[in-house]
Every structure is written in C-alpha cells, then in structure tokens.
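Everything quoted here is computed from the prediction, not taken from an experiment. Scope of the values below: all heavy atoms of this structure, side chains included, with no hydrogens, waters or symmetry mates.
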Amino acid sequence: FHRGLFSVQGPGAGLVVRLLDPRPGERVLDVCSAPGGKATAAAEAMEDQGLVVALDLRPARLRTLAENVTRLALERVRPVVGDGRCPPVGGPFDRVLVDVPCSALGVLARYPEIRWRPEPDFAELSALQAELLAAAAEQAETLLHGISIQVGRTGALTPVAALEPITVGGVVVSRAT
C-alpha cells in the first residue's frame, strides 16, 4: 500500500469508475472528488495518460487526494479547489463524474459513528444535490463534446423527488434518484 502498488476502495466506488469507462488520453472531470478514490482509479484505468481534474470545495480533503496521487505515482491528476455549482475549469471533458454529497445514512453499518453526527437537513442537502446536478447539466455543452452522461442522487433514505432527463446542447443528462 505505502509503495503505491494498490489502493483500497469499496466495490461501489470501483463500479462507478468501471461504468465511467475512462480511456487513455481522455480528459475527465470529477466533481465533488475528495477524498479522491474515484479520481485516482480513473487515472489508473487511463494508464495515467490524459488528464483527471479532481474538483472539490474543501482544500483539506483534497490534501488526502494529493497524498494518494503521490503515493500512486500518478502524474495526470490535478486537484482543484472549487465549487461544483460553478466549476472553475475549462473543458471540454470526455467524461464527467458527479458524486453528490449525501446524508450517509446508507452506510451506517460500515460507519456507525455517523449516528452521533448532527442530523442532516434533508431539504438543504436535496437542494445542494439538485444544484450540483443542474450545474453539471448546464455545463454539459461546454464541458463535454458529443457524449451522454449519467448522474444520480445518492443517499439512502434521503427524501428527494425524481428528476426528468435533461438535454443540453444535444447531450442527454439523465438525473436519477
């Protein structure tokens, strides 16, 4: 692990990267990236050829990503501090991954300490999720060129309404609950 020979990641996170299917030479934008497991996995899947922009609002969490990038000897991952609702990066990108913040209630079995956190404001969380997904849809025309992306809301037991697919500049953005 310390020599950068492997990373530890949950099966769900690994599946997301497999579905994203990043390829060598592509440009990938990972919104809400920290701590960066999916960004580093994408870079590894791309054989560290191309570019992965790992965007997150919190610099402290991006430090963990930077440490993993160094440990794994990845040269094509760029941590960027910024708000996913108005990404401070220029496209176009071949692939975009948006892993919106969630209540974490779906992982209580693995992380029982979550029970002692303050109860999330579900309305506020749902609004943030919608803003991030809408920004991804609005940015699709300028951030993407000629591909379809799938983004979804996460967080078991979070009361959110289903959202219809959106087409922006010929790009279909499917937003699912």
**OP:** Kindly state each residue pair satisfying salt bridge (Lys or Arg N to Asp or Glu O under 4.0 Å) with at least one member in residues 39-53, sequence neighbours excluded.
**Re:** none
Original post:
What residue pairs, at least two apart or across chains, pass salt bridge (Lys or Arg N to Asp or Glu O under 4.0 Å) with a residue in residues 68-80?
Top reply: none
Original post:
With hydrophobic residues grouped by side-chain heavy-atom distances under 4.5 Å, do L51 and L29 end up in a single group?
Top reply: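 Yes, L51 connects to L29 through the hydrophobic network.
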Can you find a pair of side-chain heavy atoms, one from [X] and one from [Y], that are under 4.5 Å apart?
X   : Y   : answer
V31 : D99 : no
V28 : P22 : yes
V16 : L19 : no

Original post:
What residues form a side-chain contact (heavy atoms from CB on, under 4.5 Å) with V81, not counting sequence neighbours?
Top reply: P59, L62
Original post:
Of all residues at least two apart in sequence or in a different chain, which pass the side-chain contact (heavy atoms from CB on, under 4.5 Å) check with R58?
Top reply: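 Partners of R58 under the side-chain contact (heavy atoms from CB on, under 4.5 Å) test: D56, R61.
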Original post:
If you round to the nearest 0.5 Å, how far is CD of E67 from CG of L72?
Top reply: 11.5 Å
**OP:** Could I get the full list of side chain to side chain donor-acceptor pair (under 3.5 Å) partners for S33, not counting sequence neighbours?
**Re:**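 For S33 the side chain to side chain donor-acceptor pair (under 3.5 Å) partners, ignoring immediate neighbours, are D30.
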Original post:
What residues form a side chain to side chain donor-acceptor pair (under 3.5 Å) with R23, not counting sequence neighbours?
Top reply: D21
Subject >> Heavy-atom closest pair, residues G84 and L55 >> reply: CA-CD2, 4.0 Å
